[in-house]
Every structure is written in structure tokens, then in C-alpha cells.
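What you see is a predicted model, and the numbers here were worked out from it, not measured in a lab. In what follows, chains are A, B, ... by sequence order, proteins preceding strands, each numbered from 1.
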Amino acid sequence: MAKNLTSRDTDYSRWYNELVVKADLAQNSGVRGCMVIKPYGYGIWERVQAELDQRFKATGHENAYFPLFIPKSYFSKEASHVEGFAKECAVVTHYRLKNAEDGSGVVVDEDAKLEEELIVRPTSETIIWDTYRDWIQSYRDLPILVNQWANVVRWEMRTRLFLRTAEFLWQEGHTAHATKTEAIAEAEQMLDVYADVVENIMAIPVLKGTKSPNERFAGALETYCIEALMQDGKALQAGTSHFLGQNFAKAFDVKFQTKEGTVEHVWATSWGVSTRLMGALIMTHSDDNGLVIPPKLAPIQVVIVPIYRGEEQLEEISVVARKLKAEMEAKGLRVKFDNRDTHKPGWKFNEYELKGVPVRLAIGPKDLEKGTVEVARRDTLEKEYLQQEGIATKIENLLEQIQLNMFQKAVDFREENSHKADTWDEFKALIKKKGGFVYAHWDGTPETEEKIKELTKATIRCIPLDQKYEDGKCILTGNPSKGRVVFAVAY
RNA sequence: CGGGGUAUAGCGCAGCCCGGUUAGCGCAUCUGCUUUGGGAGCAGAGGGUCGCAGGUUCGAAUCCUGCUACCCCGACCA
């Protein structure tokens, strides 16, 4: 059978994996660590893309595309950057195959060895900065505000659908500026763009903050991040924006002449979010019946299921269904009328619940008589009968309510699972028993952070941007601290 | 890369220990009839190089050797 999902209480991890597959979002492929994103899952990703892309454009960015392959030598130029990715790179060494002499199949032609190996991009800073050198001579060429939608490859040891795959889809913005101030403002602006989409479209509340040096992006001077809390008490990094200083400009010799005639290195940022957001979506909202998608994100916002006996009755119901569909579509709602005769209503109810469609309308013979329609909302699973008259406006309002309710529910969950710890014992107990975000004092040293990670698996998720000054003592060493940082066990 | 496991129909599994006709079961699929307000019922049907390569044997899914792939637990990580 296996028609029902494993419950979250039984095995959260298993629930997640089953949900991804059964809701038709993605599946494992024949390629190690790489997933197939199915049309329904890709449809949700496309909506995330559209919301982000629109905001990128609105803040003055343009899309471009850079190569998938990067010559190995490029990675030698920025030491700390290569150190961050060296252990997880796929390397292309040959360019030709041939038939094996013993007929056993296709083998690599050893004669076709590349002079210089190519790295499948784990991120594109190096190739982009090598290109920017050609684009930038004068202060008049700045700023450069470019984004690319692409796939990248990081050869992870252990993978999970959406959360960590060897190949994943993302966008990476790479900007070049004349001043440090401007670059920092850019990095902060893009963090706000991410927070806007994640909170207001995906209904996932996030903490904005900066990373501790240990968790900082390889090659960055400052890493800004948004951190979300999942239902199982673990944190998920939902997006990052980096202030890169002049590191890449220096490594790739990107200079410009200022108005005053001096020559200076440019200032850089990079920022990205990935298909990992799909994982955040699932683990923030979904329940034991399946996915729950916030209305602003849902590819299908309203599904209409007819309940009928015989073709004649289906025809009568279809007339009403099409009319209601047209009324809702006129208001810009995304509506599907599922008149397939191959599945029964009960089957469809379960199907759309599993797929997280926010609102379901059912129309049957009783509704024809009374001029009503059964309205079921996915977030609360509540059902009620409403008059068909003026349904479009009612549903439009309901969708807004669902959007707000889902966000509020997630905020409440996060608040319930955010705690302060003032002693080491308290800290250990919180991390171990409840998980969630733990606000605690830290002496600011990488060594202490490392030690805490060893002892509890918890890491500093971020130093909140709205951190309040508060004298305290480091949870582990007792050394002085002037504010609390956020700890959690992370995905 | 260390530890553990698995590989048999589209999916999930049994059979293997103790070799023996035609390799089974559930779900899914197809056909027919009855059904349709929460994953329908009955009857029938199709679907397999038992991961790959060797070996032992009269005979191998089953025993032996080698290989490959995948999964889980660690270390690593958006």
C-alpha cells in the first residue's frame, strides 16, 4: 500500500523523503547524488525564480551567462576560495571516448587527455572575475550588476533531495563597485530581497544576520545570511550574500581609474539562493497529509473537483465549474478544473492534499440544487459550504488569509522554539532536547565556536543584524561578550 | 574515506541459511462489469537476461571468488 506518508513524529527524515517523491516534486536519478526535478516541483521553483528575478531587475541587475567549465589554473589565484571548494570538485580530464578493444563497451580514450583539466563550476567567482577584468577600466564602467541562473556541482559525500544534491540549480549575483560602502550596501540590499521573497512569498520567517568567521564564505570578508527554523528544530540556511572586499579584484587584477585619476581595485559582492529553498518550503509548512504551499507560490491555487454520477451530471456540473473558474481567473487566480473521469473524487482529494494546493472546491449534485460549493482549505484542513454567488471574491480573500496564517504559524513555531541559554548546562540541554534557536553569549573566537560544535553539533547560525548590546559571559569559556548570537544544529 | 547494509517485474518486498519442475506476493498497469460527497469492488490479463563477470555442480536467484552500483551511520557541506 504505502499510500500514506510516514508521520513526522515517527521519522522526520523519512517523512521528508517520501513527501518529496509522493508530491511529485523530485526523485533520485541514476546519477549519484543528482536528482530529477519533476514538472510539479519545477513549476514551484519557476515561481520562486520569477519572484526573485523580478526583484533583481527592479534593483538594477541584468542576467548573463558564464561557462560551466573553469580551467584549473583559475582556482589557484584566490587561496582561501579554492580551499573552501577543493574537496568537492568534479574534474574533467579527457575529451573523447572510444569503443573498448575487447568489446566490453565504451572507455575513455587515454590519448585524449586535456592539457589543463577543467573544473565543473562549484560557483563562478573565478571565471566571472577573470571576465570582469576585460569589462572594467574606468569608474564609468561601474557598477557592474550581473546575475546568472545556472547549475553548479559540489561533490557532496551525502546527499538529500533538494537539501544537498551534487548538482543543484541556483542563481548567483556578482557585482563590482567603485567603493567599499557601495559594495556593502549592495550585499545588504540583496539580503533584503531574499528575505522579502522568502518571507512574503514563501511564508518562511527568517533571521537576518552575519556569519561568524568559521562559517563565512570562502574568500569573503563578510557573509550575510537568512536563517530559517525547520519543524524538527534544525536550522536551514536559506540564502547568503557576501561582501568580498577587494579579494577577487586583487586575485584577478581587476582595476579601474577613478575620477581623480588614481588606479584602484574594485569592490565586490556575490549572492545566491538555490533549489534548497524547496527543502525549506517543505520543512516549514507541510504536515502528515503532505505538502502545503502558500498561495502566492502555488502553481495551482484552486482546484475544482466535480462529484457526479454519469456523464449527464458531469456536464451540468461542468457548466457551473467553468463559470466559477472563469470568474476566479478574471481576478488573476491560478485555477485548475480536474474533470478527469479516470480517478474518483476521494482519490483526487488526497492527491491535491499531498500536492499542497491551497484551496479545493468540490461541486456535486447537492450543490447544484442549493447553489453552493464545498470549500476546503489546505492549511487548516477546514471545510465549509459557500454560496456560488460572488465566490471569486471570497476565494481571493481566503487565499490572502491562508498566506498570512501560514506565515504567522511559522513565526509562532519559531518563537516557541527560540530560547536563551546563560550557562553551559542550560545550553547543552536546550540543544539536545528541544533544538531550535538558542541565543547565547560567545567570546568571539573561532576556537570556542569549534569546541562548541564538537561538543554539541550546534554551530553559530548567525549574529543577528538586530543584535542588542548586552554584557555577558561566553557560554563555554566565561570570557566577556557584548551580545548574544544564535546557535542551532543545522542542515 | 572509515563502519554497516542492499541489489529478484514500474515501485516495495519474500524466496537464499539447507541448490531441484513453469521464481512468488502486495501496490501499480491493462480489459470487462458494477461504482463516484475522502485513496472503490469483483473477475480476468500482461509484465523477469534474479546487478555484472567468472567458478563449483547433472542442475545455481540460492554455494564460492572478483567487480560495480546504490542506501544508511560517521567525518565534510548551500
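The side chain of A/Lys344 lies closest to B/U36 when the candidates are B/A78, B/U36, B/G39. Listed nucleotides: B/C76, B/G38, B/G39. Nearest to the side chain of A/Glu353: B/G38. Of the candidate nucleotides B/G39, B/G38, B/A75, B/G39 has the atom lying nearest to any side-chain atom of A/Leu354. In the set B/G37, B/G39, B/A78, the nucleotide with an atom closest to the side chain of A/Glu156 is B/A78. Distance from the side chain of A/Pro345 is smallest for B/U36 among the nucleotides B/U36, B/A78, B/G39. Closest to the side chain of A/Lys457, out of B/G74, B/A78, B/U36, is B/G74. Comparing B/G37, B/U35, B/G38 against the side chain of A/Ile307 picks out B/G37 as the nearest.
Across all strands shown, A/Gln237 has heavy atoms under 4.0 Å from sugar-phosphate atoms exclusively, and none from any base. Using a 4.0 Å heavy-atom criterion, one finds that A/Lys366 contacts the bases of the nucleic acid, with or without backbone contacts as well. Residue A/Thr372 is classed as having no contact, given no heavy-atom separation below 4.0 Å to the nucleic acid. Using a 4.0 Å heavy-atom cutoff across all strands shown, A/Phe217 reaches no nucleic acid atom at all. Within 4.0 Å of A/Asp367, counting heavy atoms only, lies at least one base atom of the nucleic acid. If you check every strand for non-hydrogen atoms under 4.0 Å, A/Lys211 touches nothing. Using a 4.0 Å heavy-atom cutoff across all strands shown, A/Ser274 reaches at least one base atom of the nucleic acid.
In this structure, B/A14 forms no base pair with any nucleotide, since neither Watson-Crick nor G-U wobble geometry is met with both distances under 3.5 Å. Across the strands present, B/A23 finds no partner; the criterion is a Watson-Crick or G-U wobble pair with both atom distances under 3.5 angstrom. The pairing partner recorded for B/G51 is B/C67, the criterion being a Watson-Crick or G-U wobble arrangement whose two distances lie under 3.5 angstrom. Base pairing of B/C42 is made with B/G32, judged by Watson-Crick or G-U wobble geometry with both donor-acceptor distances under 3.5 Å. With a cut-off of 3.5 Å on both Watson-Crick or G-U wobble distances, the partner of B/U56 is given as none.
B/A23 and B/U29 have their P atoms separated by 26 Å, given to the nearest Å. B/U68 and B/G54: their C1' atoms are spaced 14 Å apart (whole Å). Between B/C11 and B/A28, the two P atoms lie 15 Å apart (nearest whole Å). Look at the C1' atom in both B/C76 and B/C17: the space between them is 39 Å, to the nearest Å. Of the C1' atoms belonging to B/G66 and B/G10, the separation is 31 Å, rounded to the nearest Å. Here, B/U56 and B/U62 have their P atoms 15 Å apart, quoted to the whole Å. Straight-line distance between the C1' atoms of B/C13 and B/U8: roughly 9 Å, to the nearest whole Å. Remark: the separation of the C1' atoms in B/G4 and B/A14 is 23 Å, to the nearest Å.
The residue among A/Leu163 and A/Asn17 whose nearest nucleotide of RNA chain B is located toward the 5' end is A/Asn17. Along RNA chain B, the nucleotide nearest A/Gly310 and the nucleotide nearest A/Lys453 are compared for position; the residue whose nucleotide lies closer to the 5' end is A/Gly310.
Between A/Asp338 and A/Lys336 there is no salt bridge, since none of the side-chain N atoms of the basic residue sits less than 4.0 Å from a carboxylate O of the acidic one. Between A/Glu227 and A/Lys211 there is a salt bridge, since a side-chain N of the basic residue sits under 4.0 Å from a carboxylate O of the acidic one. Classification of A/Glu51 and A/Arg47 as a salt-bridged pair holds, one side-chain N sitting under 4.0 Å from a carboxylate O. The residues A/Lys208 and A/Asp192 are annotated as salt-bridged, a charged nitrogen and a carboxylate oxygen being separated by less than 4.0 angstrom.
Between the side chains of A/Thr459 and A/Arg461, at least one donor-acceptor pair of N or O atoms lies under 3.5 Å. Using modelled atom types and a 3.5 Å distance limit, the side chains of A/Asp341 and A/Tyr308 yield a donor-acceptor pair.
When the C1' atom of B/U35 is taken as reference, atom OH of A/Tyr308 falls 11 Å away, rounded to whole Å. One atom, CG of A/Leu277, and another, C1' of B/A78, lie 10 Å apart when rounded to the nearest Å. Summarising the geometry, the separation between NZ on A/Lys348 and P on B/U36 is reported as 14 Å, rounded to the nearest angstrom. Rounding to whole angstrom units, OH of residue A/Tyr491 and C1' of B/C76 are separated by 17 Å. Atom CG in A/Leu236 sits about 11 Å away from atom P in B/A78, given to the nearest Å. Whole-Å rounding puts the A/Glu315 CD to B/U36 P distance at 19 Å. The distance between atom CD of A/Glu454 and atom P of B/A75, rounded to the nearest whole Å, is 11 Å. Here the P atom of nucleotide B/G39 and the OH atom of A/Tyr352 are 17 Å apart, to the nearest Å.
The cationic atom of A/Arg276 (NZ for Lys, CZ for Arg) does not lie both less than 6.0 Å from the six-membered ring centre of A/Phe168 and within 45° of the ring axis.
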> Could you go step by step and tell me if A/Trp129 and A/His81 meet the ring pair (Phe, Tyr, Trp, His ring centres under 6.0 Å) rule?
Replying inline: CA-CA 13 Å; A/Trp129 282 92; A/His81 185 63; over 10 Å; no

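For A/Arg360 and B/G38, a side-chain-to-base donor-acceptor distance below 3.5 Å is present, hydrogens and geometry of angles not being considered.
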